[in-house]
Every structure is written in structure tokens, then in C-alpha cells.
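Reviewing the structure listed below.
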Amino acid sequence: MYKCTNPRCDWTGYWCDLEEEKEYAGEYQGYDVYMSSKVCPHCHQEVEYTGDWSEE
């Protein structure tokens, strides 16, 4: 399970539920480069892996 790090949101879910957020990282060999990270689908804050799959 993954848990949102925003205490007001308190969302939990699975990897497939997370949204991908792309952030411009610069230019490499003439191409724009983006860093992507998985964020909470509700508030777009960072998430942490809880390692607990017993809730399935």
C-alpha cells in the first residue's frame, strides 16, 4: 500500500492508483527532459510505501 504524506489528505491506495507527475528537468542533446514521479491522485503530494499488503 501507498500512503499520502499530507496529513490532511490521508489517502491510501495502490501503485496503479497513483498519478504520474512530470517536472521539467532541463535539456539534453536538444531534447526537453522531464523527471516523472508518482504522487497522490487527490492532492498531488508525495506518497510513501507502507509495505502493508494485509489490507487487500
Side-chain angles (χ1 to χ4, degrees):
M1 297 287 290
Y2 288 84
K3 183 178 189 315
C4 181
T5 56
N6 180 354
R8 288 188 302 220
C9 177
D10 205 34
W11 174 87
T12 57
Y14 300 97
W15 176 258
C16 59
D17 299 325
L18 300 177
E19 280 191 9
E20 188 173 28
E21 188 173 78
K22 294 190 178 204
E23 186 176 320
Y24 183 69
E27 193 175 295
Y28 178 72
Q29 294 184 345
Y31 294 96
D32 289 335
V33 178
Y34 294 88
M35 296 286 289
S36 67
S37 58
K38 295 286 189 173
V39 294
C40 173
H42 295 280
C43 69
H44 299 96
Q45 296 293 312
E46 291 183 9
V47 294
E48 61 185 7
Y49 176 61
T50 62
D52 183 12
W53 295 101
S54 61
E55 297 175 25
E56 284 188 39

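Both backbone and side-chain heavy atoms feed into the values below; hydrogens, waters and symmetry mates do not.
- Atoms OG and CD, from Ser36 and Glu20 in turn, are 4.0 Å apart once rounded to the nearest 0.5 Å.
- To the nearest 0.5 angstrom, Cys40 atom SG is 8.0 Å from Gln45 atom CD.
- With sequence neighbours left out, the salt bridge (Lys or Arg N to Asp or Glu O under 4.0 Å) criterion links Asp10 to Lys3.
- Proximity of Leu18 to Trp11: side-chain heavy atoms (C-beta onward) are separated by under 4.5 Å at one or more points.
- Under the 4.5 Å side-chain criterion, counting only non-hydrogen atoms from C-beta, Thr12 is not in contact with Tyr2.
- Within 6.0 Å of atom CD in Glu19, more than 12 heavy atoms from other residues, nucleotides or ligands are found, so the atom counts as buried in its surroundings.
- In the hydrophobic clustering of ILVMFWY residues, with side-chain heavy atoms under 4.5 Å counting as a link, Val39 and Tyr14 come out apart.
- For Tyr24, the side chain to side chain contact (heavy atoms under 4.5 Å, CB included) criterion is met by Glu27, Asp32, Tyr34, not counting sequence neighbours.
- The minimum heavy-atom distance linking Pro41 with Asp17 is given by the pair CG-O, 3.4 Å.
- Residues near Tyr31 contribute nothing to a hydrophobic cluster around it, because no ILVMFWY side-chain heavy atom sits closer than 4.5 Å to its side chain.
- Neither side chain, Glu21 nor His44, offers a donor N or O lying under 3.5 Å from an acceptor on the other.
- Glu48 CD: more than 12 foreign heavy atoms inside a 6.0 Å radius.
- The two residues Trp15 and Lys38 come nearest to each other via the heavy atoms CH2-CG, 3.2 Å.
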